[in-house]
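Below is one structure, written out as structure tokens; comments come after it.
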Amino acid sequence: MSDFQPDIDGAATRASPNHGPRRNERNPDMLVLHYTGMATAQAALDWLCTEESQVSCHYFVDEAGLVTQLVPEAARAWHAGQGIWKGETDINSASIGIEIANPGHEAGSPDFPEAQIAAVIGLCADIIDRHGIAAERVVAHSDIAPLRKQDPGEKFPWQQLHRAGIGHWVEPLPVGGGRFFQQGDAGQPVEALQTMLALYGYGLQVDGRFNEETAAAVRAFQRHFRPARVDGIADASTIGTLHKLLSELPTVA
């Protein structure tokens with residue numbers, strides 16, 4: 001593939017060699033948002049378009065808001081890696097991936113510029129409208145791979161996207177006191193927490209043991225939905241916010 005027509009009006013194109021057919025002719029019904037985690041947007045774009053990297057995405061959004069399409073939406077871009085969401089393990093076949101230029105946590109988690117977020121909102125809205133993607137299937141890379149990933153991070157403005165009609169969000173309960181669960185705890189309350197996280201979509205074993213996997217899922221949840229404190233401890237604020245989100249899902253309401 002040397003050239004292709006973009007799926008959205010106004011997008012630039014730069015073909016990445018890193019893609020293939022969607023397995024079982026799967027139509028995408030998920031949207032996964034990433035940050036690049038590299039020093040510059042140009043370095044990240046070059047890497048995504050280099051065969052050596054074996055990674056790609058469908059869309060790349062730089063800090064000024066320029067949208068570049070690297071892989072046609074009909075194809076399977078290699079952006080998600082190993083992960084799971086609502087039982088789906090082939091995330092690449094099920095999703096459209098957007099890389100957002102930002103150096104990430106290792107560079108101190110700089111803010112995402114407003115022009116960039118405006119472009120991300122417009123791009124997401126277009127994709128969601130054409131593919132009928134449900135709000136709870138607009139996820140972070142960290143949501144699908146909590147043990148491996150932390151992007152796009154707690155600085156990403158999920159609430160702003162939700163105000164524009166993108167993704168699922170509720171006002172998080174304020175951080176405060178109350179009972180909490182943390183790594184090393186065990187028992188029925190931990191099993192209930194794991195069940196709630198799994199019902200929302202996180203891939204983890206429900207066994208009543210608050211292990212590293214559970215702590216990672218809690219951190220991922222906090223990054224997305226309760227960013228005021230990301231510590232992997234399931235406090236009253238975290239559990240209450242999760243319950244509010246679950247109560248809005250038609251499948252578990």
Side-chain angles (χ1 to χ4, degrees), residues 1-4 6 8 10-19 30-73 75-83 91-92 95-124 127 138-161 166-167 216 219-220 222-224 227-232:
M1 181 184 67
S2 59
D3 197 15
F4 61 95
I8 66 163
T13 59
R14 179 175 172 182
S16 171
N18 304 322
H19 63 90
M30 291 179 62
L31 188 55
V32 181
L33 305 188
H34 311 250
Y35 67 41
T36 55
M38 296 184 69
T40 68
Q42 189 61 54
L45 183 58
D46 290 344
W47 183 243
L48 291 163
C49 293
T50 301
E51 187 172 1
E52 174 193 358
S53 74
Q54 293 293 286
V55 294
S56 63
C57 60
H58 292 93
Y59 294 98
F60 179 90
V61 184
D62 74 8
E63 294 94 338
L66 176 65
V67 176
T68 302
Q69 186 168 2
L70 280 60
V71 174
E73 291 179 11
R76 181 179 183 271
W78 304 342
H79 63 95
Q82 184 177 2
I91 303 296
N92 282 336
S95 67
I96 291 171
I98 299 175
E99 286 277 1
I100 303 162
N102 185 287
H105 288 82
E106 291 187 5
S109 298
D111 290 338
F112 295 83
E114 280 301 316
Q116 185 179 49
I117 294 303
V120 169
I121 287 171
L123 175 60
C124 289
I127 294 168
V138 180
V139 298
H141 197 190
S142 55
D143 290 323
I144 64 171
L147 283 166
R148 296 189 302 111
K149 297 296 181 179
Q150 54 187 348
D151 58 306
E154 55 272 25
K155 296 287 287 291
F156 187 74
W158 290 104
Q159 185 177 18
Q160 185 177 344
L161 267 67
I166 297 157
R219 282 193 299 273
Q222 291 168 336
R223 282 196 170 94
H224 190 152
R229 181 187 294 167
V230 179
D231 57 9

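As the structure is a computational prediction, the values presented were derived from the model and not from experiment. Because only heavy atoms are used, hydrogens play no part in the values below, and waters and symmetry mates are left out as well, while side chains stay in.
The closest side-chain heavy-atom distance from L70 to H19 is not below 4.5 Å. Residues I117 and F156 have side chains in contact (heavy-atom distance under 4.5 Å, counting atoms from C-beta outward). Side-chain contact between V138 and L161: absent, with no pair of heavy atoms (C-beta onward) separated by less than 4.5 Å.
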All N/O donor-acceptor pairs, side-chain side in residues 31-42, below 3.5 Å, sequence neighbours left out:
from : atom 1 : to   : atom 2 : distance (Å)
H34  : ND1    : H141 : ND1    : 3.0
H34  : NE2    : H79  : ND1    : 2.9
Y35  : OH     : H105 : N      : 3.2
Y35  : OH     : H105 : ND1    : 2.7
T36  : OG1    : N102 : N      : 3.2
T36  : OG1    : N102 : O      : 3.2
T40  : OG1    : A43  : N      : 3.0
Q42  : NE2    : D46  : OD1    : 2.9

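The minimum heavy-atom distance between V71 and F4, with the atom names listed, is N-CZ, 4.0 Å. Among all heavy-atom pairs drawn from G153 and W158, the shortest one is O-NE1, 4.5 Å. Residues R219 and D231 come closest through the heavy atom pair CG-C, 3.9 Å. Taking every heavy atom of both residues into account, F112 and P157 meet most closely at CD1-CD, 4.3 Å. Of all heavy-atom pairs between I127 and E73, the closest is CG1-OE2, 3.9 Å. Scanning both residues, A119 and G65, for their nearest heavy atoms gives CB-O, 3.3 Å.
A donor-acceptor contact shorter than 3.5 Å links the side chain of R148 to the backbone of Q82. Judged by distance alone, with hydrogens and angles left aside, the side-chain atoms of H58 form a donor-acceptor pair with the main-chain N or O of G97 at under 3.5 Å. Formation of a donor-acceptor pair under 3.5 Å by the S142 side chain with backbone atoms of K149 is not found in this model. In this structure a side-chain-to-backbone donor-acceptor pair under 3.5 Å is present from S53 to V55. Of the possible donor and acceptor atoms, one in the side chain of S16 sits under 3.5 Å from a partner among the backbone N and O of L48. Here the side chain of Q116 pairs a donor or acceptor atom with the backbone of A101 at under 3.5 angstrom. Judged by distance alone, the side chain of N92 and the main-chain N or O of R76 form no donor-acceptor pair under 3.5 Å.
Atom CD1 of I98 and atom CZ of F60 lie 12.5 Å apart (nearest 0.5 Å). We find the OG1-CG distance between T68 and D62 to be 6.5 Å, quoted to the nearest 0.5 Å.
The number of heavy atoms from other shown groups lying within 6.0 Å of CD (Q54) is above 12.
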